[in-house]
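Order of the sequence lines fixes the chain letters, A, B, ..., with proteins taken first and strands second; residue numbering starts at 1 for each chain.
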There are 2 protein chains.
Amino acid sequence: MSAYAALAEPHRRQILDLLLSGERPAGELVRHLGLSQPGVSKHLKVLREAGLVAVRTEGRQRVYALRPEPLAEVDQWLEPYRAFWSRRLDALERHLEENP
Amino acid sequence: MSAYAALAEPHRRQILDLLLSGERPAGELVRHLGLSQPGVSKHLKVLREAGLVAVRTEGRQRVYALRPEPLAEVDQWLEPYRAFWSRRLDALERHLEENP
DNA sequence: TGCTCATATTTCCATATGGAAATATGATTC
DNA sequence: GAATCATATTTCCATATGGAAATATGAGCA
């Protein structure tokens with residue numbers, strides 16, 4: 001699954017957000033998400049296949065870590081659009097200056 | 001539909017890319033995408049509902065224009081991740097400097 | 001008004017998706 | 001090696017999705 005498609009699901013974005021502050025075992029993610037354990041496990045599988053997370057086995061736990069690299073593609077795709085909305089903001093600023 | 005979900009479909013990203021260079025009537029998008037006319041029309045509906053495009057009727061044509069504002073939310077969501085992968089690149093640079 | 005062009009909507013279909021519940025696996029402990 | 005903990009996989013179900021084909025709508029023109 002593409003990074004774009006992986007991000008389409010809100011719970012998956014939430015998982016990534018949780019991993020921003022550091023690695024976490026799957027169970028901790030389950031507790032935070034308020035979803036069933038199998039449900040979270042499925043989303044984790046999608047994120048793994050999209051290359052957005054990596055797993056490490058530590059004792060009986062499976063510790064998940066963020067791998068943000070695939071997001072760089074999204075970031076690059078956004079690049080020309082950023083210019084587009086900056087231009088709009090510039091226009092807005094000019095408008096506000098000229099009509100105070 | 002959220003901007004994230006709208007971007008999950010490759011044809012829809014392609015439509016936005018086509019609109020980056022300026023407004024276009026629906027028919028022109030159909031020609032570029034190699035999809036059926038109704039197929040394109042459906043994707044345009046999704047993009048409209050996500051606020052990513054605006055339509056204007058001009059004679060018999062329906063002219064579509066980009067409205068990139070909803071992408072700003074995606075851009076902001078990406079922000080902390082950008083920091084994350086810059087840090088990784090920094091680490092890589094240090095590694096390369098120290099191991100030339 | 002009737003016709004044609006451009007586009008939207010509807011219908012049908014096959015497939016994908018997310019969630020809940022049940023079950024399986026793999027590591028740890030006794 | 002049996003019991004247990006943490007997690008993954010499977011199964012089932014309801015709903016969503018994308019595409020093709022057919023049909024409908026609406027603007028401009030004869």
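Separating the CD1 atom of Ile15(A) from the P atom of dA8(D) is a distance of 11 Å, rounded to the nearest angstrom. Atom CD in Gln37(A) sits about 14 Å away from atom P in dT10(D), given to the nearest Å. Note: CD (Glu49(A)) to P (dT9(D)) measures 9 Å, nearest angstrom. Summarising the geometry, the separation between CZ on Arg56(B) and C1' on dT7(C) is reported as 15 Å, rounded to the nearest angstrom. Atom pair Leu29(B):CG and dA6(C):C1' shows a separation of 13 Å (rounding to whole Å applied). Between Met1(B) atom CE and dT15(D) atom C1' the separation is 13 Å, expressed in whole Å. Taking atom CG on Leu33(A) and atom P on dG18(C), their separation rounds to 14 Å, with Å as the unit. Rounded to an integer number of Å, the gap from CZ of Arg62(B) to P of dA24(D) is 19 Å.
Picking from dG19(C), dT9(D), dA8(D) the nucleotide with the shortest atom distance to the side chain of Leu44(A) gives dA8(D). Each of dG19(C), dA8(C), dA6(D) was ranked by its minimum atom distance to the side chain of Glu9(A); first place goes to dG19(C). Of the candidates dT9(D), dA20(D), dT9(C), dT9(D) carries the atom nearest the Lys45(A) side chain, counting heavy atoms from C-beta on. Considering only side-chain atoms of Ser36(B), the nucleotide from dG18(D), dA8(C), dA20(D) that sits closest is dA20(D). Here the nucleotide nearest the side chain of Arg48(A), chosen from dG18(D), dT9(D), dA21(D), is dT9(D).
Side-chain nitrogen and oxygen atoms of Tyr64(A) include at least one within less than 4.0 Å of the OP1 or OP2 phosphate oxygen of dA8(D). Applying the 4.0 Å criterion to OP1 and OP2 of dG18(D), one finds that Arg12(B) has a side-chain N or O inside that range. Arg60(A) has no side-chain polar atom (N or O) that falls below the 4.0 Å cut-off from OP1 or OP2 of dT4(D).
A distance-only check finds no donor-acceptor pair linking the side chain of Arg12(A) to the backbone of Leu7(A) [under 3.5 Å]. The main-chain N or O of Ala26(B) is never found under 3.5 Å from a side-chain atom of Arg62(B) such that the two would form a donor-acceptor pair. Between the side chain of Arg24(B) and the backbone N or O of Leu29(B), no donor-acceptor pair lies under 3.5 Å.
Nearer the 5' end of DNA chain D, as judged by each residue's closest nucleotide, is the contact made by Glu28(A), out of Glu28(A) and His11(B). When each of Ala8(A) and Pro38(A) is assigned the nucleotide of DNA chain C bearing its nearest heavy atom, the one mapping closer to the 5' terminus is Ala8(A).
Using a 4.0 Å heavy-atom cutoff across all strands shown, Pro25(B) reaches sugar-phosphate atoms only and no base atom. Across all strands, Gly39(A) comes closer than 4.0 Å to no nucleic acid atom at all (heavy-atom distances).
Closest approach of Ala3(B) and Val74(B) over heavy atoms only: CB-CG2, 4.1 Å.
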Worked verdict on Arg31(B) versus Glu28(B) for salt bridge (charged side-chain N to carboxylate O under 4.0 Å, His left out) | CA-CA 5 Å; Arg31(B) 256 172 278 128; Glu28(B) 201 172 324; 5.2 Å; no
